[in-house]
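Following: one structure in structure tokens, then a few remarks.
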Amino acid sequence: MTISRRKAIIALGGNLPLGGMLPHEILLAAIEEITPSMGEICQVSRLFQTPCFPAGAGPDYVNAALVLDTNLKPTSLMHQLQAVEQKFSREREQRWGMRTLDLDLIACGDSVLPSPSEYQHWLDLPLELQMRQTPPELILPHPRLQDRAFVLVPMCDVCPDWRHPVLGKTASELCAALPKSDLEAVQPL
């Protein structure tokens with residue numbers, strides 16, 4: 001029996017220190033925690049400094065992206081990524097709040113989960129509801145990736161030709177559609 005392998009795109013971010021570790025050190029350490037049981041890391045982006053969202057909610061973030069070749073199902077991979085977050089004292093007290101480490105599964109192959117209609121619901125959700133509601137299950141691709149320079153700029157470092165399975169645009173095309181001010185705010189470290 002052949003095991004199906006797919007490329008997973010993971011966004012990394014954090015803006016709080018942990019012990020003596022600064023956010024950029026936490027991201028680098030977290031990359032080391034992505035074990036062979038999760039898959040093989042193919043590429044890792046540069047580290048970027050990005051403004052906190054929403055504006056004024058805390059210190060700037062450090063963000064990155066990586067591509068992982070995996071045979072795990074998306075939900076299994078997400079559970080393992082959450083275990084890595086826990087090693088770095090991730091707390092989920094507030095949606096979009098400050099954190100030591102955030103590992104978001106952005107895409108896994110061309111999967112659209114949990115269904116095209118449920119994906120569309122989260123894609124169309126107004127911002128004020130996005131800030132308050134958390135999906136009950138994994139949504140793929142990440143329904144907000146096309147709005148976020150802090151995700152797309154690092155993605156373009158490692159997979160500029162990745163094509164969104166619903167929107168039909170590449171990471172580069174999605175990035176180019178963002179406001180110039182959003183793109184300029186994402187600075188390499």
Side-chain angles (χ1 to χ4, degrees), residues 7-70 72 74-108 130-131 134-135 138-160 162 171 174-175 178 182-189:
K7 301 288 187 204
I9 302 167
I10 299 163
L12 301 91
N15 70 336
L16 294 178
L18 177 63
M21 296 176 76
L22 297 173
H24 73 278
E25 295 168 320
I26 294 170
L27 262 62
L28 294 173
I31 291 166
E32 295 296 320
E33 291 288 331
I34 295 177
T35 65
S37 67
M38 290 185 220
E40 179 183 342
I41 295 176
C42 302
Q43 293 177 287
V44 178
S45 75
R46 296 172 288 169
L47 298 178
F48 294 87
Q49 181 172 325
T50 60
C52 188
F53 179 84
D60 286 350
Y61 277 81
V62 176
N63 290 98
L66 66 83
V67 177
L68 183 72
D69 186 36
T70 186
L72 293 177
T75 51
S76 296
L77 178 56
M78 191 67 232
H79 290 303
Q80 289 199 29
L81 293 172
Q82 288 171 341
V84 172
E85 289 178 336
Q86 290 305 305
K87 287 183 179 182
F88 292 91
S89 300
R90 167 69 192 268
E91 295 180 12
R92 296 179 185 276
E93 295 175 358
Q94 173 188 351
R95 185 141 169 88
W96 297 351
M98 295 185 291
R99 60 205 61 172
T100 55
L101 179 63
D102 185 28
L103 299 175
D104 277 336
L105 182 55
I106 298 298
C108 196
Q130 294 172 35
M131 293 177 76
T134 303
L138 180 62
I139 308 291
L140 285 180
H142 192 291
R144 303 274 64 86
L145 80 96
Q146 66 281 350
D147 304 327
R148 296 178 170 173
F150 65 86
V151 172
L152 285 169
V153 171
M155 273 182 69
C156 285
D157 253 14
V158 294
C159 54
W162 172 81
L174 293 169
C175 195
L178 291 173
D182 289 4
L183 296 173
E184 290 173 347
V186 180
Q187 294 293 314
L189 282 181

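In this structure, CG on L101 lies 9.5 Å from CG on L81, to the nearest 0.5 angstrom. In this structure, the separation between CG on D102 and CG on L27 is 9.5 Å, given to the nearest 0.5 Å. In this structure, T70 OG1 and I10 CD1 are separated by 8.0 Å, a value rounded to the nearest 0.5 Å. Rounded to the nearest 0.5 angstrom, I9 CD1 and M155 CE are separated by 4.0 Å. The structure places CG of L140 at 9.5 Å from CG of L77, a figure rounded to the nearest 0.5 Å. T100 contributes atom OG1, which lies 8.0 Å from atom CD of E85 (distance to the nearest 0.5 angstrom).
Listed by first and then second residue, the side chain to side chain donor-acceptor pair (under 3.5 Å) pairs involving residues 41-51 are R46-D157, Q49-D60, T50-N63 (not counting sequence neighbours). Applying the salt bridge (Lys or Arg N to Asp or Glu O under 4.0 Å) test to pairs two or more places apart or on separate chains, those with a residue in residues 33-44 are E33-K87. Each salt bridge (Lys or Arg N to Asp or Glu O under 4.0 Å) pair with one or both residues in residues 11-27, not counting sequence neighbours, would appear here, but there are none.
Every residue was checked against the salt bridge (Lys or Arg N to Asp or Glu O under 4.0 Å) condition with E32, not counting sequence neighbours, and none meets it. Taking the salt bridge (Lys or Arg N to Asp or Glu O under 4.0 Å) definition, one finds that D69 meets it with R5, K7, sequence neighbours left out. Remark: L178 engages A149, L152, L183 in a side chain to side chain contact (heavy atoms under 4.5 Å, CB included) (not counting sequence neighbours).
With contacts defined as side-chain heavy-atom distances shorter than 4.5 Å, the pair D104/V151 does not qualify.
Y61 approaches G13 most closely through the heavy-atom pair CD2-C, 4.4 Å. In terms of heavy-atom proximity, G39 sits nearest to L68 at C-CD1, 3.6 Å. Nearest heavy atoms, L16 versus I26: O-CD1, 3.4 Å. A171 approaches C159 most closely through the heavy-atom pair CB-O, 3.6 Å. The minimum heavy-atom distance linking L105 with A8 is given by the pair CD1-CB, 4.0 Å.
Remark: the backbone N or O of P59 is paired with a side-chain donor or acceptor of N15 at under 3.5 angstrom.
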